[in-house]
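Side chains included, hydrogens not; waters and symmetry mates left out as well; all remaining heavy atoms used. Counting starts at 1 for both ligands and their atoms, in listed order.
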Amino acid sequence: MSTDGKMWGGRFAGGLDPRFAAFQDSTEHDLVLAFADLDTNLAWSEALCSAGVVTEDELERIAAAIGELAAEWHENGIPDSEAEDVHGLIEQQLVARLGDLGKRIHTGRSRNDQVATDLRLHLRECAGLLVESIEGLCLSLVEKAAAHAADPMPGYTHLQRAQPITIGHHALAYVEMLARDRERLLDATARMDQCPLGSGALAGTAFAIDRDALAARLAFHGGATRNSLDATASRDHLCELLFASAMAMTHLSRLCEDYVFFASHEAAFLSFGDAVATGSSLMPQKRNPDAMELVRGKAAQVQGALQSLLALLKGLPLGYNRDLQHDKELVLPALEATHECLLVAATAVDHAHFDTARCRAEAGKGYLNATDLADLLVAAGVPFRDAHEVVGRAVNRAVELGVELHELPEDEQRTLLPQLDGELAQRLAVDAVLQRRDVLGGTAPERVAAEVKRWRILLAEWAEGYHELDDLDPDVDVPALEEEHG
Ligand code: ARG
(Lines give C-alpha, C1' and ligand atoms only; values in the text may rest on other atoms or scores of the structure.)
Protein backbone atom coordinates (compact mmCIF):
# COMPACT_ATOMS: atom_id res chain seq x y z
CA MET A 1 0.00 0.00 0.00
CA SER A 2 1.45 3.38 -0.98
CA THR A 3 1.79 6.18 1.55
CA ASP A 4 -1.43 7.86 0.41
CA GLY A 5 -3.40 4.71 1.24
CA LYS A 6 -3.88 3.51 -2.36
CA MET A 7 -3.87 -0.22 -2.98
CA TRP A 8 -2.05 0.08 -6.31
CA GLY A 9 0.44 2.99 -6.13
CA GLY A 10 3.64 1.42 -7.52
CA ARG A 11 3.38 2.40 -11.17
CA PHE A 12 1.77 5.75 -10.57
CA ALA A 13 3.57 9.01 -9.89
CA GLY A 14 0.74 11.48 -10.49
CA GLY A 15 -2.52 11.54 -8.54
CA LEU A 16 -5.96 10.90 -9.95
CA ASP A 17 -7.96 13.70 -11.45
CA PRO A 18 -10.28 14.68 -8.57
CA ARG A 19 -13.43 14.27 -10.67
CA PHE A 20 -12.36 10.79 -11.73
CA ALA A 21 -11.28 9.92 -8.20
CA ALA A 22 -14.77 10.68 -6.96
CA PHE A 23 -16.34 8.94 -9.96
CA GLN A 24 -14.54 5.64 -9.42
CA ASP A 25 -15.08 5.62 -5.65
CA SER A 26 -17.60 2.91 -4.78
CA THR A 27 -17.78 3.22 -0.99
CA GLU A 28 -21.21 4.83 -1.23
CA HIS A 29 -22.52 1.53 -2.59
CA ASP A 30 -20.23 -1.11 -1.11
CA LEU A 31 -19.87 0.07 2.50
CA VAL A 32 -22.83 -2.17 3.21
CA LEU A 33 -20.46 -5.09 2.54
CA ALA A 34 -18.13 -4.03 5.38
CA PHE A 35 -19.09 -6.77 7.82
CA ALA A 36 -19.05 -9.42 5.12
CA ASP A 37 -15.60 -8.13 4.14
CA LEU A 38 -14.40 -8.47 7.74
CA ASP A 39 -15.63 -12.09 7.67
CA THR A 40 -13.81 -12.83 4.42
CA ASN A 41 -10.66 -11.12 5.73
CA LEU A 42 -10.67 -13.33 8.79
CA ALA A 43 -11.41 -16.51 6.86
CA TRP A 44 -8.72 -15.67 4.31
CA SER A 45 -6.18 -14.97 7.05
CA GLU A 46 -6.96 -18.35 8.59
CA ALA A 47 -6.46 -19.97 5.19
CA LEU A 48 -3.14 -18.12 4.82
CA CYS A 49 -2.13 -19.45 8.22
CA SER A 50 -2.98 -23.02 7.17
CA ALA A 51 -0.93 -22.41 4.03
CA GLY A 52 2.03 -21.25 6.13
CA VAL A 53 1.95 -17.62 4.95
CA VAL A 54 1.23 -16.18 8.41
CA THR A 55 1.98 -17.80 11.76
CA GLU A 56 -0.52 -18.79 14.43
CA ASP A 57 0.56 -15.80 16.53
CA GLU A 58 0.13 -13.46 13.61
CA LEU A 59 -3.28 -14.91 12.89
CA GLU A 60 -4.28 -14.24 16.48
CA ARG A 61 -3.26 -10.60 16.15
CA ILE A 62 -5.15 -10.29 12.86
CA ALA A 63 -8.25 -11.89 14.37
CA ALA A 64 -8.08 -9.54 17.36
CA ALA A 65 -7.79 -6.48 15.10
CA ILE A 66 -10.74 -7.63 12.96
CA GLY A 67 -12.76 -8.28 16.12
CA GLU A 68 -11.96 -4.79 17.40
CA LEU A 69 -12.96 -3.19 14.11
CA ALA A 70 -16.24 -5.10 14.03
CA ALA A 71 -17.06 -4.11 17.61
CA GLU A 72 -16.19 -0.43 17.01
CA TRP A 73 -18.24 -0.26 13.82
CA HIS A 74 -21.20 -1.99 15.39
CA GLU A 75 -21.03 0.57 18.18
CA ASN A 76 -20.22 3.80 16.32
CA GLY A 77 -20.78 3.12 12.65
CA ILE A 78 -18.10 3.11 9.98
CA PRO A 79 -15.96 6.29 9.78
CA ASP A 80 -15.36 8.23 6.56
CA SER A 81 -12.17 7.48 4.70
CA GLU A 82 -10.27 8.32 1.56
CA ALA A 83 -10.33 4.69 0.40
CA GLU A 84 -11.78 4.01 -3.06
CA ASP A 85 -13.83 1.05 -1.88
CA VAL A 86 -14.75 -0.95 1.19
CA HIS A 87 -11.86 -3.38 0.64
CA GLY A 88 -9.35 -0.53 0.60
CA LEU A 89 -10.93 0.97 3.68
CA ILE A 90 -10.62 -2.26 5.63
CA GLU A 91 -7.07 -2.82 4.46
CA GLN A 92 -6.15 0.71 5.60
CA GLN A 93 -7.71 0.10 8.99
CA LEU A 94 -5.93 -3.23 9.42
CA VAL A 95 -2.59 -1.77 8.35
CA ALA A 96 -3.10 1.09 10.80
CA ARG A 97 -3.62 -1.45 13.59
CA LEU A 98 -1.21 -4.20 12.54
CA GLY A 99 1.52 -2.43 10.57
CA ASP A 100 3.35 -4.70 8.11
CA LEU A 101 1.30 -7.72 9.18
CA GLY A 102 -1.82 -5.93 7.90
CA LYS A 103 -0.15 -5.58 4.51
CA ARG A 104 0.25 -9.35 4.23
CA ILE A 105 -3.46 -10.22 4.37
CA HIS A 106 -3.97 -9.47 0.68
CA THR A 107 -1.43 -12.19 -0.24
CA GLY A 108 -2.74 -14.38 -3.04
CA ARG A 109 -6.06 -12.57 -3.09
CA SER A 110 -7.68 -9.98 -5.36
CA ARG A 111 -10.47 -7.57 -4.79
CA ASN A 112 -12.15 -9.45 -7.61
CA ASP A 113 -12.58 -12.70 -5.67
CA GLN A 114 -13.06 -10.71 -2.48
CA VAL A 115 -15.97 -8.60 -3.73
CA ALA A 116 -17.55 -11.66 -5.38
CA THR A 117 -17.43 -13.44 -2.02
CA ASP A 118 -18.60 -10.48 0.07
CA LEU A 119 -21.51 -9.94 -2.25
CA ARG A 120 -22.67 -13.55 -2.00
CA LEU A 121 -22.43 -13.41 1.79
CA HIS A 122 -24.45 -10.20 1.87
CA LEU A 123 -26.97 -11.30 -0.74
CA ARG A 124 -27.87 -14.49 1.07
CA GLU A 125 -28.85 -12.32 4.02
CA CYS A 126 -30.90 -10.04 1.77
CA ALA A 127 -32.58 -13.07 0.20
CA GLY A 128 -33.34 -14.43 3.67
CA LEU A 129 -35.09 -11.16 4.57
CA LEU A 130 -37.07 -11.24 1.34
CA VAL A 131 -38.18 -14.81 1.98
CA GLU A 132 -39.20 -13.84 5.49
CA SER A 133 -41.20 -10.84 4.30
CA ILE A 134 -42.92 -12.88 1.58
CA GLU A 135 -43.96 -15.31 4.27
CA GLY A 136 -45.28 -12.40 6.33
CA LEU A 137 -47.42 -11.15 3.47
CA CYS A 138 -48.66 -14.68 2.78
CA LEU A 139 -49.70 -14.93 6.42
CA SER A 140 -51.72 -11.70 6.13
CA LEU A 141 -53.39 -12.94 2.94
CA VAL A 142 -54.15 -16.37 4.39
CA GLU A 143 -55.78 -14.71 7.40
CA LYS A 144 -57.78 -12.49 5.06
CA ALA A 145 -58.87 -15.64 3.22
CA ALA A 146 -59.78 -17.37 6.48
CA ALA A 147 -61.99 -14.44 7.47
CA HIS A 148 -63.71 -14.38 4.08
CA ALA A 149 -63.64 -17.99 2.90
CA ALA A 150 -67.40 -17.94 2.26
CA ASP A 151 -67.93 -14.26 1.43
CA PRO A 152 -68.80 -13.69 -2.22
CA MET A 153 -67.57 -10.89 -4.41
CA PRO A 154 -67.70 -10.31 -8.15
CA GLY A 155 -64.90 -12.01 -10.06
CA TYR A 156 -63.58 -10.37 -13.22
CA THR A 157 -62.05 -11.20 -16.55
CA HIS A 158 -61.20 -8.31 -18.88
CA LEU A 159 -62.27 -6.19 -15.89
CA GLN A 160 -65.83 -7.17 -16.82
CA ARG A 161 -67.90 -8.98 -14.24
CA ALA A 162 -67.57 -12.68 -14.97
CA GLN A 163 -68.56 -15.08 -12.17
CA PRO A 164 -68.80 -14.76 -8.42
CA ILE A 165 -65.78 -15.82 -6.39
CA THR A 166 -65.09 -15.69 -2.68
CA ILE A 167 -62.96 -12.92 -1.25
CA GLY A 168 -60.84 -15.69 0.24
CA HIS A 169 -60.25 -17.23 -3.18
CA HIS A 170 -58.97 -13.89 -4.45
CA ALA A 171 -56.57 -13.54 -1.50
CA LEU A 172 -55.23 -17.07 -1.91
CA ALA A 173 -54.52 -16.50 -5.60
CA TYR A 174 -51.84 -14.04 -4.48
CA VAL A 175 -50.54 -16.50 -1.89
CA GLU A 176 -49.94 -18.99 -4.71
CA MET A 177 -47.99 -16.40 -6.72
CA LEU A 178 -45.94 -15.25 -3.74
CA ALA A 179 -45.17 -18.83 -2.74
CA ARG A 180 -43.61 -19.34 -6.17
CA ASP A 181 -41.61 -16.13 -5.72
CA ARG A 182 -40.38 -17.44 -2.39
CA GLU A 183 -39.32 -20.68 -4.02
CA ARG A 184 -37.52 -18.80 -6.79
CA LEU A 185 -35.58 -16.84 -4.17
CA LEU A 186 -34.58 -19.96 -2.28
CA ASP A 187 -33.63 -21.61 -5.51
CA ALA A 188 -31.44 -18.67 -6.54
CA THR A 189 -29.92 -18.58 -3.07
CA ALA A 190 -29.00 -22.25 -3.28
CA ARG A 191 -27.42 -21.76 -6.71
CA MET A 192 -25.16 -18.94 -5.49
CA ASP A 193 -24.14 -20.92 -2.41
CA GLN A 194 -20.55 -21.49 -3.58
CA CYS A 195 -17.45 -19.66 -2.41
CA PRO A 196 -15.40 -17.64 -4.95
CA LEU A 197 -12.60 -16.78 -2.49
CA GLY A 198 -9.28 -18.22 -3.68
CA SER A 199 -10.08 -17.45 -7.32
CA GLY A 200 -7.63 -14.54 -7.28
CA ALA A 201 -8.04 -11.83 -9.89
CA LEU A 202 -9.03 -14.31 -12.62
CA ALA A 203 -6.72 -17.32 -12.67
CA GLY A 204 -6.80 -18.78 -9.16
CA THR A 205 -4.45 -18.18 -6.25
CA ALA A 206 -0.83 -19.32 -6.32
CA PHE A 207 -0.84 -20.18 -2.61
CA ALA A 208 -1.69 -23.55 -1.07
CA ILE A 209 -5.20 -22.62 0.01
CA ASP A 210 -7.66 -25.38 0.93
CA ARG A 211 -10.60 -23.82 -0.87
CA ASP A 212 -13.11 -26.42 0.26
CA ALA A 213 -12.22 -25.74 3.88
CA LEU A 214 -12.45 -21.99 3.19
CA ALA A 215 -15.90 -22.44 1.66
CA ALA A 216 -17.07 -24.46 4.65
CA ARG A 217 -15.59 -21.87 7.02
CA LEU A 218 -17.72 -19.19 5.35
CA ALA A 219 -20.77 -21.50 5.43
CA PHE A 220 -21.06 -21.97 1.68
CA HIS A 221 -22.95 -25.24 1.45
CA GLY A 222 -22.10 -25.81 -2.21
CA GLY A 223 -18.36 -25.78 -1.60
CA ALA A 224 -15.88 -23.73 -3.64
CA THR A 225 -16.60 -22.36 -7.12
CA ARG A 226 -14.96 -24.52 -9.79
CA ASN A 227 -13.63 -21.98 -12.28
CA SER A 228 -11.81 -18.85 -11.23
CA LEU A 229 -12.69 -16.86 -14.37
CA ASP A 230 -16.38 -17.62 -13.96
CA ALA A 231 -16.29 -16.97 -10.22
CA THR A 232 -14.78 -13.48 -10.56
CA ALA A 233 -16.64 -12.34 -13.69
CA SER A 234 -20.16 -13.80 -13.44
CA ARG A 235 -23.13 -12.10 -11.89
CA ASP A 236 -26.00 -14.27 -13.06
CA HIS A 237 -26.89 -15.02 -9.44
CA LEU A 238 -27.60 -11.31 -9.04
CA CYS A 239 -29.83 -11.42 -12.10
CA GLU A 240 -31.70 -14.37 -10.65
CA LEU A 241 -32.30 -12.63 -7.35
CA LEU A 242 -33.39 -9.52 -9.22
CA PHE A 243 -35.73 -11.52 -11.42
CA ALA A 244 -37.29 -13.22 -8.39
CA SER A 245 -37.67 -9.77 -6.82
CA ALA A 246 -39.03 -8.18 -9.98
CA MET A 247 -41.52 -11.02 -10.31
CA ALA A 248 -42.61 -10.63 -6.69
CA MET A 249 -42.96 -6.87 -7.25
CA THR A 250 -45.03 -7.55 -10.36
CA HIS A 251 -47.33 -9.75 -8.28
CA LEU A 252 -47.50 -7.11 -5.57
CA SER A 253 -48.26 -4.51 -8.17
CA ARG A 254 -51.24 -6.49 -9.44
CA LEU A 255 -52.49 -6.99 -5.90
CA CYS A 256 -52.18 -3.25 -5.36
CA GLU A 257 -54.04 -2.51 -8.56
CA ASP A 258 -56.86 -4.85 -7.51
CA TYR A 259 -57.13 -3.22 -4.09
CA VAL A 260 -56.99 0.32 -5.55
CA PHE A 261 -59.93 -0.63 -7.72
CA PHE A 262 -61.72 -2.39 -4.87
CA ALA A 263 -61.35 0.79 -2.79
CA SER A 264 -62.76 3.03 -5.53
CA HIS A 265 -66.20 4.58 -5.15
CA GLU A 266 -67.25 2.58 -8.21
CA ALA A 267 -66.43 -0.80 -6.66
CA ALA A 268 -66.49 0.11 -2.95
CA PHE A 269 -65.64 -3.46 -2.00
CA LEU A 270 -63.15 -2.42 0.66
CA SER A 271 -61.86 0.57 2.53
CA PHE A 272 -58.42 1.14 3.98
CA GLY A 273 -58.00 1.91 7.66
CA ASP A 274 -56.41 5.17 8.75
CA ALA A 275 -53.07 3.39 9.20
CA VAL A 276 -52.57 3.09 5.44
CA ALA A 277 -54.89 5.65 3.83
CA THR A 278 -53.89 9.22 3.07
CA GLY A 279 -55.75 12.47 2.48
CA SER A 280 -55.60 15.26 -0.05
CA SER A 281 -54.12 18.66 0.75
CA LEU A 282 -56.99 20.24 -1.16
CA MET A 283 -60.01 17.93 -1.24
CA PRO A 284 -61.22 17.30 2.29
CA GLN A 285 -63.34 14.28 1.39
CA LYS A 286 -60.49 12.15 0.03
CA ARG A 287 -59.15 8.87 1.39
CA ASN A 288 -56.52 7.74 -1.04
CA PRO A 289 -54.97 4.25 -1.28
CA ASP A 290 -51.43 5.68 -1.47
CA ALA A 291 -49.80 2.67 0.15
CA MET A 292 -50.96 0.52 -2.74
CA GLU A 293 -50.00 3.10 -5.36
CA LEU A 294 -46.51 3.58 -3.95
CA VAL A 295 -45.87 -0.17 -3.92
CA ARG A 296 -47.25 -0.50 -7.45
CA GLY A 297 -44.94 2.34 -8.50
CA LYS A 298 -41.86 0.79 -6.88
CA ALA A 299 -42.23 -2.26 -9.10
CA ALA A 300 -40.89 -0.08 -11.92
CA GLN A 301 -37.58 0.43 -10.08
CA VAL A 302 -37.06 -3.28 -9.52
CA GLN A 303 -37.98 -4.25 -13.07
CA GLY A 304 -35.65 -1.51 -14.30
CA ALA A 305 -32.80 -2.80 -12.14
CA LEU A 306 -33.11 -6.28 -13.66
CA GLN A 307 -33.08 -4.83 -17.16
CA SER A 308 -30.09 -2.60 -16.32
CA LEU A 309 -28.08 -5.46 -14.87
CA LEU A 310 -28.67 -7.67 -17.89
CA ALA A 311 -27.58 -4.80 -20.10
CA LEU A 312 -24.51 -4.22 -17.92
CA LEU A 313 -23.39 -7.84 -18.32
CA LYS A 314 -24.10 -8.27 -21.98
CA GLY A 315 -20.97 -7.81 -24.05
CA LEU A 316 -18.47 -7.89 -21.16
CA PRO A 317 -15.39 -9.92 -22.04
CA LEU A 318 -14.09 -12.43 -19.50
CA GLY A 319 -12.88 -11.96 -16.81
CA TYR A 320 -13.55 -9.17 -14.35
CA ASN A 321 -14.28 -5.70 -15.72
CA ARG A 322 -14.74 -2.59 -13.67
CA ASP A 323 -18.24 -2.19 -15.13
CA LEU A 324 -19.18 -4.87 -12.61
CA GLN A 325 -18.71 -2.37 -9.80
CA HIS A 326 -22.09 -0.94 -10.81
CA ASP A 327 -23.80 -4.24 -9.94
CA LYS A 328 -24.24 -3.25 -6.31
CA GLU A 329 -25.95 0.06 -6.97
CA LEU A 330 -28.46 -1.80 -9.13
CA VAL A 331 -29.15 -4.88 -7.09
CA LEU A 332 -28.97 -3.71 -3.48
CA PRO A 333 -31.50 -0.83 -3.61
CA ALA A 334 -33.83 -3.03 -5.67
CA LEU A 335 -33.76 -5.83 -3.10
CA GLU A 336 -34.25 -3.31 -0.32
CA ALA A 337 -37.21 -1.75 -2.13
CA THR A 338 -38.76 -5.20 -2.60
CA HIS A 339 -38.34 -5.98 1.07
CA GLU A 340 -39.92 -2.69 2.11
CA CYS A 341 -42.81 -3.13 -0.32
CA LEU A 342 -43.54 -6.63 0.97
CA LEU A 343 -43.72 -5.29 4.52
CA VAL A 344 -45.93 -2.34 3.54
CA ALA A 345 -48.20 -4.55 1.44
CA ALA A 346 -48.72 -6.88 4.42
CA THR A 347 -49.68 -3.91 6.61
CA ALA A 348 -52.04 -2.62 3.93
CA VAL A 349 -53.71 -6.04 3.57
CA ASP A 350 -54.14 -6.16 7.36
CA HIS A 351 -55.84 -2.75 7.23
CA ALA A 352 -58.00 -3.42 4.16
CA HIS A 353 -61.57 -3.93 5.38
CA PHE A 354 -63.96 -5.64 2.99
CA ASP A 355 -67.59 -4.51 2.97
CA THR A 356 -68.95 -8.05 2.84
CA ALA A 357 -72.60 -7.00 2.47
CA ARG A 358 -71.80 -4.82 -0.52
CA CYS A 359 -69.51 -7.46 -2.05
CA ARG A 360 -72.27 -10.06 -1.69
CA ALA A 361 -74.89 -7.75 -3.19
CA GLU A 362 -72.64 -6.86 -6.13
CA ALA A 363 -71.80 -10.52 -6.75
CA GLY A 364 -75.51 -11.01 -7.45
CA LYS A 365 -75.65 -8.23 -10.04
CA GLY A 366 -74.48 -8.13 -13.64
CA TYR A 367 -75.50 -11.64 -14.80
CA LEU A 368 -72.57 -13.38 -13.10
CA ASN A 369 -74.78 -16.49 -12.89
CA ALA A 370 -75.35 -16.74 -16.66
CA THR A 371 -72.88 -19.64 -16.99
CA ASP A 372 -74.73 -21.47 -14.24
CA LEU A 373 -78.02 -20.99 -16.05
CA ALA A 374 -76.44 -22.54 -19.14
CA ASP A 375 -75.14 -25.38 -16.96
CA LEU A 376 -78.71 -25.95 -15.67
CA LEU A 377 -79.90 -26.24 -19.26
CA VAL A 378 -77.08 -28.72 -19.96
CA ALA A 379 -78.29 -30.76 -16.98
CA ALA A 380 -81.76 -30.69 -18.60
CA GLY A 381 -80.28 -32.22 -21.76
CA VAL A 382 -79.56 -29.12 -23.88
CA PRO A 383 -76.18 -29.23 -25.68
CA PHE A 384 -73.91 -26.56 -24.18
CA ARG A 385 -73.50 -24.50 -27.37
CA ASP A 386 -77.30 -24.26 -27.69
CA ALA A 387 -77.65 -23.50 -23.98
CA HIS A 388 -75.11 -20.68 -24.41
CA GLU A 389 -77.26 -19.22 -27.18
CA VAL A 390 -80.48 -19.52 -25.19
CA VAL A 391 -78.99 -17.87 -22.13
CA GLY A 392 -77.53 -15.10 -24.28
CA ARG A 393 -81.06 -14.28 -25.44
CA ALA A 394 -82.35 -14.50 -21.88
CA VAL A 395 -79.68 -12.02 -20.76
CA ASN A 396 -80.72 -9.62 -23.53
CA ARG A 397 -84.32 -9.83 -22.39
CA ALA A 398 -83.35 -9.38 -18.75
CA VAL A 399 -81.32 -6.29 -19.69
CA GLU A 400 -84.39 -4.89 -21.51
CA LEU A 401 -86.53 -5.51 -18.45
CA GLY A 402 -83.86 -4.20 -16.10
CA VAL A 403 -83.77 -7.39 -14.02
CA GLU A 404 -81.29 -10.15 -13.21
CA LEU A 405 -81.66 -13.61 -14.77
CA HIS A 406 -83.14 -15.11 -11.63
CA GLU A 407 -85.61 -12.22 -11.48
CA LEU A 408 -87.12 -12.89 -14.93
CA PRO A 409 -90.93 -12.99 -14.62
CA GLU A 410 -92.39 -16.50 -14.84
CA ASP A 411 -93.99 -16.05 -18.25
CA GLU A 412 -90.66 -14.86 -19.64
CA GLN A 413 -88.95 -17.88 -18.06
CA ARG A 414 -91.46 -20.21 -19.67
CA THR A 415 -90.92 -18.70 -23.10
CA LEU A 416 -87.16 -18.24 -22.97
CA LEU A 417 -86.22 -21.31 -20.95
CA PRO A 418 -88.92 -23.93 -21.58
CA GLN A 419 -86.55 -26.75 -20.57
CA LEU A 420 -86.34 -25.53 -16.97
CA ASP A 421 -88.96 -26.05 -14.31
CA GLY A 422 -88.56 -22.93 -12.18
CA GLU A 423 -86.81 -22.42 -8.83
CA LEU A 424 -84.37 -20.22 -10.69
CA ALA A 425 -84.00 -17.79 -7.81
CA GLN A 426 -82.71 -20.52 -5.52
CA ARG A 427 -80.64 -22.37 -8.10
CA LEU A 428 -78.99 -19.19 -9.37
CA ALA A 429 -78.44 -17.59 -5.96
CA VAL A 430 -74.85 -16.50 -5.43
CA ASP A 431 -74.19 -19.10 -2.71
CA ALA A 432 -75.46 -21.88 -4.99
CA VAL A 433 -73.21 -20.61 -7.78
CA LEU A 434 -70.19 -20.62 -5.46
CA GLN A 435 -71.07 -24.03 -4.05
CA ARG A 436 -71.12 -25.53 -7.53
CA ARG A 437 -67.35 -24.79 -7.95
CA ASP A 438 -66.57 -27.54 -5.50
CA VAL A 439 -63.55 -28.82 -7.37
CA LEU A 440 -59.86 -28.82 -6.49
CA GLY A 441 -58.72 -25.23 -7.06
CA GLY A 442 -62.30 -23.97 -7.23
CA THR A 443 -63.87 -21.07 -5.38
CA ALA A 444 -66.46 -23.05 -3.36
CA PRO A 445 -66.26 -21.94 0.30
CA GLU A 446 -65.36 -25.46 1.48
CA ARG A 447 -62.50 -25.61 -1.02
CA VAL A 448 -61.24 -22.19 0.05
CA ALA A 449 -61.46 -23.22 3.71
CA ALA A 450 -59.50 -26.38 2.92
CA GLU A 451 -56.84 -24.32 1.13
CA VAL A 452 -56.62 -21.98 4.11
CA LYS A 453 -55.98 -25.01 6.27
CA ARG A 454 -53.31 -26.29 3.88
CA TRP A 455 -51.59 -22.90 3.76
CA ARG A 456 -51.61 -22.56 7.54
CA ILE A 457 -49.74 -25.86 7.78
CA LEU A 458 -47.28 -24.78 5.07
CA LEU A 459 -46.72 -21.40 6.71
CA ALA A 460 -45.91 -23.12 9.99
CA GLU A 461 -43.46 -25.37 8.16
CA TRP A 462 -41.87 -22.37 6.50
CA ALA A 463 -41.50 -20.66 9.85
CA GLU A 464 -39.62 -23.67 11.16
CA GLY A 465 -37.48 -23.69 8.03
CA TYR A 466 -35.94 -20.37 9.02
CA HIS A 467 -33.47 -22.27 11.06
CA GLU A 468 -32.11 -23.62 7.79
CA LEU A 469 -31.44 -20.05 6.69
CA ASP A 470 -29.79 -19.34 10.03
CA ASP A 471 -27.38 -22.14 9.18
CA LEU A 472 -26.02 -19.82 6.55
CA ASP A 473 -24.55 -17.65 9.31
CA PRO A 474 -20.77 -17.86 8.85
CA ASP A 475 -20.28 -18.18 12.61
CA VAL A 476 -22.13 -21.47 12.63
CA ASP A 477 -19.91 -24.52 12.19
CA VAL A 478 -20.48 -26.32 8.94
CA PRO A 479 -19.04 -29.82 8.58
CA ALA A 480 -16.14 -29.93 6.13
CA LEU A 481 -17.21 -31.08 2.72
CA GLU A 482 -16.23 -34.51 1.59
CA GLU A 483 -13.62 -34.74 -1.13
CA GLU A 484 -15.60 -35.35 -4.30
CA HIS A 485 -12.99 -37.37 -6.12
CA GLY A 486 -11.50 -39.01 -3.04
N1 ARG B 1 -14.96 -2.06 -6.24
C2 ARG B 1 -14.84 -3.11 -7.20
C3 ARG B 1 -16.15 -3.79 -7.46
O4 ARG B 1 -17.04 -3.65 -6.71
C5 ARG B 1 -13.88 -4.16 -6.74
C6 ARG B 1 -12.50 -3.75 -7.06
C7 ARG B 1 -11.98 -4.39 -8.25
N8 ARG B 1 -11.08 -3.45 -8.79
C9 ARG B 1 -10.14 -3.80 -9.67
N10 ARG B 1 -9.42 -2.88 -10.11
N11 ARG B 1 -10.02 -5.00 -10.12
O12 ARG B 1 -16.32 -4.47 -8.44
Side-chain angles (χ1 to χ4, degrees), residues 1-2 4-12 14-17 19-41 43-44 78 80-95 103 105-126 192 195-206 218 225 227-239 241-242 305 308-336:
M1 185 181 277
S2 61
D4 63 356
K6 266 206 225 84
M7 302 176 84
W8 39 263
R11 275 198 73 187
F12 300 82
L16 284 180
D17 168 77
R19 187 186 299 276
F20 175 60
F23 178 74
Q24 66 124 27
D25 187 321
S26 62
T27 36
E28 180 189 344
H29 301 291
D30 63 21
L31 209 55
V32 60
L33 302 179
F35 290 99
D37 201 72
L38 288 178
D39 286 344
T40 54
N41 267 288
W44 184 249
I78 304 172
D80 279 346
S81 91
E82 294 288 290
E84 69 178 38
D85 61 22
V86 65
H87 321 291
L89 177 137
I90 287 179
E91 182 164 320
Q92 274 179 13
Q93 292 285 336
L94 291 175
V95 171
K103 298 183 189 167
I105 301 173
H106 206 59
T107 308
R109 185 181 70 178
S110 160
R111 280 180 294 166
N112 299 352
D113 60 347
Q114 200 177 348
V115 73
T117 309
D118 292 354
L119 202 45
R120 288 185 194 219
L121 289 176
H122 183 66
L123 286 175
R124 72 186 177 194
E125 275 181 31
C126 298
M192 72 169 178
C195 183
L197 205 56
S199 296
L202 75 162
T205 187
L218 287 169
T225 52
N227 182 296
S228 55
L229 262 182
D230 168 52
T232 46
S234 295
R235 296 291 185 271
D236 48 290
H237 50 296
L238 274 64
C239 295
L241 287 176
L242 268 185
S308 301
L309 185 62
L310 288 168
L312 179 75
L313 295 175
K314 144 185 200 310
L316 286 189
L318 282 188
Y320 177 88
N321 298 270
R322 192 70 183 276
D323 314 43
L324 291 175
Q325 175 164 295
H326 293 307
D327 59 359
K328 290 168 285 297
E329 65 198 81
L330 293 175
V331 76
L332 298 177
L335 298 189
E336 200 178 315

Any side-chain donor-acceptor pair under 3.5 Å between H122 and E125?
no
Applying salt bridge (Lys or Arg N to Asp or Glu O under 4.0 Å) to D85 and not counting sequence neighbours gives R111
Ignoring hydrogens and angles, tell me if any N or O in the side chain of D113 forms a donor-acceptor pair with the backbone of G200 under 3.5 Å.
yes
Under the side chain to side chain donor-acceptor pair (under 3.5 Å) rule, collect the residues that match up with T40, sequence neighbours excluded.
D118
Would you confirm whether T27, through its side chain, and E84, through its main-chain N or O, come within 3.5 Å as a donor-acceptor pair?
no
Protein residues having a heavy atom less than 4.0 Å from any atom of ligand 1:
S26, D85, R111, N112, V115, Y320, Q325, K328
Tell me every residue that passes salt bridge (Lys or Arg N to Asp or Glu O under 4.0 Å) with R235, counting only those two or more places apart in sequence or in another chain.
D327
